[in-house]
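Presented below is the structure to which this report refers.
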Amino acid sequence: MLTDVSDANKSYTKLEVAEKSDLDLIAVKVLRKDCPDFLFPLKMMEIDGETEIRYELTDGVRFCYMPTQMKKREFIELLTNLIQPFKACSDWFLDYHNFVLDENYILVGKNEQSVKYIYVPTKSQTNSDQEIISFFAGLILKMDIKDDQSYTVDLLRVIKSSNANLMTLLEHLQKDHVEKKAAPLAPPKPAEDHMKKIVSFVQDIPEKMAEKKEKQEPVKAEKKTPVREQGTRPGISSGAYGKSNEENRLINNLFGDDEPDKKKDRKKKEKQPKEKAPKEKGAGLFGFLKGKKKEEEEPEDLLAGFKKAAEPEKVQSTPKWESVPTPAPVSDPAGGEDTVEAYRSYVQEEDGDDSTAIAGDGELDDNRVIRLRLEDCAGCTCPKFIEIDLRKGHATIGRMDKNGEPCSDYNFDAAVSFVSRRHFRIEPSGNEWQIIDIGSSNGTIVSGENLTPNMPHTLKRNDTIMIVCKKRFMIYRVC
């Protein structure tokens, strides 16, 4: 019989062996000296003449805390990793009938990439093939495939057939996994057609450029004007000496150009500065300020007239200099009932709808709804209140992934990256609750005590839940 033990922030499970003769010495040697990755190493201890075996449960999440809803691809990978150790056992001179088939003692690594079992090196405690098949059939029935509801039925048909075993189920899973990978690959024919189009387009570029050049050349030839020699254009002197100004004047009059004298007069008029407007009385420093103030007031008067025409009735409004009264902040009393009442009033003031406050409807037990109030946070934006529904028996708290998809029952924003996607779990236990850190990256601190991963810890009202990572943290209090 396995028993959980917590020591120095580490979780163990221990097994007491009644007789040493029942031990499989070859299996003990393998597990102590060269333990495979899919099994937990063991430690043998002699206490009061009795042999005790200890396994350290680290690096993973207990299978009983895994989500029951998955995508088909994720479920195939998880189930394949669960069956692979049964196939690899013979390479280590071990018997897969000695695996502990209990969801509490099967640990799944991060991203479901690895699975670890507890191996009991005794001759008496073994599982039959039928018990192993029944265990995996129960796991399949438990899971809910979101994108293919009928897939669990297909797996049950395979595993419940007359000559079924784990190897036939593994072959079926691997076949589905290969087909899933091969499906998105594009067929080669469209790619070849696309390359042909690109090659033909590149080959046609010189011909198209030549045709474009031929079309542009005659247009440019028509627009091109012959270059005249200096002094040949009418109205401009050629610069030759010996000609009189009278001749230039006659030519200019003939082709409509102005005379040089008139040009000079026009340029002089353009260069003359414009007459400045006379300054108003009171100009200068103070006059300038008065003028500026008048210019600023004019648009307001226009707007006022426009508003008066559009809105004949005068509406009272709060003056700018009067501050709007803010509601009093929610107090932080020590008692739990007053805190819940403050939370209810806060929700009603914020939303204006009594239906949002689940606590006041009288249909749910207080133990089935847990409320957390934000005490402090840094480096993140967190909601002031969190209300978690435990009617299904438990709830996981985590954050969304990078694609914005929820990974837990309650999800923080993806920007709160120091919270794991599935960080901790809360379960009702009598008049209180239990909180379990489910293999989070940064751990969970409850009222100053670090939680041991995968080990339940009692959670009471007024306890604080803290998650810390360097300079970023959040603290919530149980209401």
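When a residue number appears, it is its place in the shown sequence, counting from 1. When reading the values below, keep in mind they use all heavy atoms of this one structure, side chains included, and skip hydrogens, waters and symmetry mates.
Looking at Asp401, its side chain does come within 3.5 Å of a backbone N or O of Glu405 through a donor-acceptor pair. Judged by distance alone, the side chain of Arg371 and the main-chain N or O of Cys479 form no donor-acceptor pair under 3.5 Å. Put simply, the side chain of Thr168 never gets that close to the backbone of Ala164: no donor and acceptor are under 3.5 Å apart.
When the shell of 6.0 Å around CD of Gln149 is examined, it contains more than 12 heavy atoms from other residues, nucleotides or ligands. Counting heavy atoms of neighbouring residues, nucleotides and ligands inside a 6.0 Å radius, atom CG of Leu156 exceeds 12 of them. Counting heavy atoms of neighbouring residues, nucleotides and ligands inside a 6.0 Å radius, atom NZ of Lys29 does not exceed 12 of them. Atom CG of Asp37 has 12 or fewer heavy atoms from other residues, nucleotides or ligands within 6.0 Å. Within a 6.0 Å sphere centred on CZ of Arg399, other residues, nucleotides and ligands contribute more than 12 heavy atoms. Taking a 6.0 Å sphere around NZ of Lys146, one finds it holds more than 12 heavy atoms contributed by other residues, nucleotides or ligands.
One distance of note links CG of Asp129 with CG of Asn165; it measures 8.0 Å at 0.5 Å rounding. Residue Glu16 holds its CD atom at 11.0 Å from CG of Leu2, rounded to the nearest 0.5 Å.
The salt bridge (Lys or Arg N to Asp or Glu O under 4.0 Å) check on Asp413 picks up nothing, with sequence neighbours excluded.
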So Asn454 and Ser11, side chain to side chain donor-acceptor pair (under 3.5 Å) or not? Walk me through it. CA-CA 8 Å; Asn454 298 302; Ser11 57; 5.5 Å; no
Side chain to side chain donor-acceptor pair (under 3.5 Å) evaluation trace for His172 with Asp154: CA-CA 10 Å; His172 184 79; Asp154 296 339; over 6 Å; no
Using the side chain to side chain donor-acceptor pair (under 3.5 Å) rule, take Ser447 and Asp463 through it: C-alpha gap first, then chi angles, then the decisive distance, then the call. CA-CA 6 Å; Ser447 298; Asp463 280 348; 3.2 Å; yes
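We find that Asp437 and Arg425 are not joined by a salt bridge, their nearest charged nitrogen and carboxylate oxygen being 4.0 Å or further apart. Ion pairing of Lys87 with Glu171 is absent here, as no side-chain N (NZ or NE/NH1/NH2) approaches a carboxylate O to less than 4.0 Å.
Side-chain contact between Arg62 and Tyr65 is present, with heavy atoms from C-beta onward closer than 4.5 Å. Between Glu432 and Leu459 the shortest side-chain heavy-atom distance does not fall below 4.5 Å.
When Thr80, Asn81, Leu79, Leu107 are each tested for a side chain to side chain contact (heavy atoms under 4.5 Å, CB included) with Val115, only one passes: Asn81.
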